[in-house]
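These notes are about the structure you will find just below.
Counting convention: from 1, in listed order, for ligands and their atoms alike. Here the structure is a predicted model, which is why all the values come from computation and not from measurement.
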Amino acid sequence: DAKAKGRGNYQFFTPALNIAAQQRLTVSNQLRQALVRGEFVLYYQPQVSLRSGAIVGVEALMRWKRCQHGKHDLVSPTHFIPILEEIGLMAEAGKWVLREACMQAAAWQKMGLAPIRLAVNLSARQFAGDDIVRTVIEVLDESGLGPEWLELEITESLMFDDSERIIHAMHELKRLGVSLSLDDFGTGYSSLSYLRRFPVDRVKIDRSFVQDLTTNAGGADIVRSILALSQKLGLAAIAEGVETEAQLGYLRQQGCAEIQGYLFSPPFPAEEMTLLLRSDRRIPLFSHLPLP
Ligand code: C2E
Ligand code: MG
Ligand code: MG
Ligand code: MG
């Protein structure tokens with residue numbers, strides 16, 4: 001027993017693990033500096049109405065322009081957001097995202113572009129410590145963006161514990177005139193009961209179900225049920241990760257109101273998104289689109 005324990009302890013100090021721990025420490029330190037040096041940037045991905053074919057919103061998505069050994073690379077949020085959360089910097093980074101995105105949305109309106117919704121992701125940590133409601137009030141005030149243009153995306157994982165407090169905060173955000181959407185819908189636990197307990201305006205159908213639409217027999221059933229359910233509850237719906245015309249055709253046929261995905265556009269930096277918004281490009285709403 002003691003021997004097994006000893007061996008276990010010894011394992012901890014193998015060079016491979018040491019290197020992993022070392023790398024994590026390095027990245028943590030780089031992330032702390034990234035916030036100070038302004039190495040985070042926002043990309044924006046269009047959300048398109050299937051009624052008009054026009055862009056009705058954009059989702060702000062974080063990227064890290066890391067400078068290492070004199071070279072730049074663009075790091076995905078799936079790699080660095082968990083580390084930001086772990087080292088306690090997500091609330092601060094999230095506040096930066098909210099401010100930067102609201103400033104940009106207000107700037108687009110000032111340029112005379114047709115006003116569109118701005119969707120910003122919130123992490124669980126932003127609800128936990130810091131006062132999210134006060135932050136939103138501050139940022140709207142600072143940017144001059146009308147609350148009706150801001151939508152906050154939250155995931156079901158947020159709602160695990162202390163849900164009374166979170167529901168209270170959500171109601172306060174709604175009182176400000178901000179709307180709420182449930183991201184990655186269908187991937188968490190007890191999605192259906194959450195829908196009734198939490199005051200959300202929109203569900204975002206997770207891209208795994210959209211991908212399954214044409215590759216897996218059950219996929220279409222799941223998407224159809226989510227759409228029927230959201231209609232019944234009076235919620236808006238948007239499908240994420242739409243990549244093919246076949247997926248688009250199915251979603252249209254099932255009455256999905258909006259889509260987001262590479263089929264229309266990937267996420268772009270602000271300057272490129274400005275050009276796309278100016279171009280007034282629309283998704284072609286062919287009625288002869290193939291059905292799966
Ligand atoms: P999400 O909020 O579900 O965002 C959608 C993700 O799907 C984005 O990945 C987007 O680039 C990707 N995507 C969009 N269309 C397609 C498509 O057609 N095909 C495929 N394969 N992917 C598509 P991204 O930008 O890497 O972000 C990943 C996740 O990181 C986000 O998922 C969100 O959970 C998180 N995240 C990003 N920015 C922020 C932020 O500012 N705050 C917080 N808390 N989380 C963020
Ligand atoms: Mg999102
Ligand atoms: Mg999502
Ligand atoms: Mg996601």
For ligand 1 and [X], I'd like to know whether there is a polar contact (N/O to N/O, distance under 3.5 Å).
{"X": "Thr78", "value": "no"}
{"X": "Leu263", "value": "no"}
{"X": "Arg63", "value": "yes"}
{"X": "Gln126", "value": "no"}
{"X": "Gln45", "value": "yes"}

Polar side chain donor-acceptor pair, Ser49 to Glu258, under 3.5 angstrom: no
For the backbone of [Y] and the side chain of [X], can you confirm whether one donor and one acceptor N or O come within less than 3.5 Å of each other?
{"X": "Glu86", "Y": "Pro82", "result": "no"}
{"X": "Gln231", "Y": "Ala228", "result": "no"}
{"X": "Glu92", "Y": "Leu89", "result": "no"}

For [X], counting its heavy atoms only, list the atoms of ligand 1 lying under 4.0 Å from any of them.
{"X": "Leu122", "answer": "44 (N)"}
{"X": "Glu243", "answer": "17 (C), 18 (O), 19 (N), 20 (C), 21 (N)"}
{"X": "Asp184", "answer": "3 (O)"}
{"X": "Gly261", "answer": "15 (N), 18 (O)"}
{"X": "Ser123", "answer": "44 (N)"}

Within less than 4.0 angstrom of ligand 1, does Gln260 place any heavy atom? no
Give a yes/no on ligand 1: does Gly94 have at least one heavy atom closer than 4.0 angstrom to it? no
If you look only at pairs with a residue in residues 219-232, which of them pass as a salt bridge (charged side-chain N to carboxylate O under 4.0 Å, His left out), with sequence neighbours excluded? Asp221-Arg224
Which pairs count as salt bridge (charged side-chain N to carboxylate O under 4.0 Å, His left out) when at least one residue sits in residues 34-45, sequence neighbours excluded? Arg37-Glu39
Give the contacting part of [X] toward ligand 1: side chain, backbone, both or neither, where contact means a heavy-atom distance below 4.0 Å.
{"X": "Pro267", "result": "side chain"}
{"X": "Thr155", "result": "neither"}
{"X": "Leu61", "result": "both"}
{"X": "Ile81", "result": "side chain"}
{"X": "Lys204", "result": "neither"}

Test: Arg66 cationic atom under 6.0 Å from Phe80 six-membered ring centre, within 45° of axis: no
Which atom of Glu59 is nearest the Mg ion (ligand 2), counting N, O or S only? It is OE2
ang(OE1 Glu153, the Mg ion (ligand 2), OD1 Asn121) rounded to 10° is 90°
Need the atom name: nearest N/O/S atom of Asp184 to the Mg ion (ligand 3). OD1
Could you state the interatomic distance from [atom1] ([X]) to [atom2] ([Y]), rounded to the nearest 0.5 Å?
{"X": "Ile55", "Y": "Gln45", "atom1": "CD1", "atom2": "CD", "value": "10.5 Å"}
{"X": "Asp212", "Y": "Thr215", "atom1": "CG", "atom2": "OG1", "value": "4.5 Å"}
{"X": "Gln68", "Y": "Thr26", "atom1": "CD", "atom2": "OG1", "value": "8.5 Å"}

With atom 6 (C) of ligand 1 as the reference point, say which of Glu153, Arg207, His79 has the nearest heavy atom. Arg207
What do you get for the angle at the Mg ion (ligand 3) between OE1 on Glu240 and OD1 on Asp183, to the nearest 10 degrees? 100°
Looking at Glu240, Lys204, Arg207, which one forms a side chain to side chain contact (heavy atoms under 4.5 Å, CB included) with Asp184? Glu240
For a quick test of reading the model, state the closest non-hydrogen atom pair linking Val48 to Val56 and the distance between them. C-CG2, 4.2 Å
Would you mind reporting whether Leu152 and Ser181 have side-chain heavy atoms less than 4.5 Å apart? no
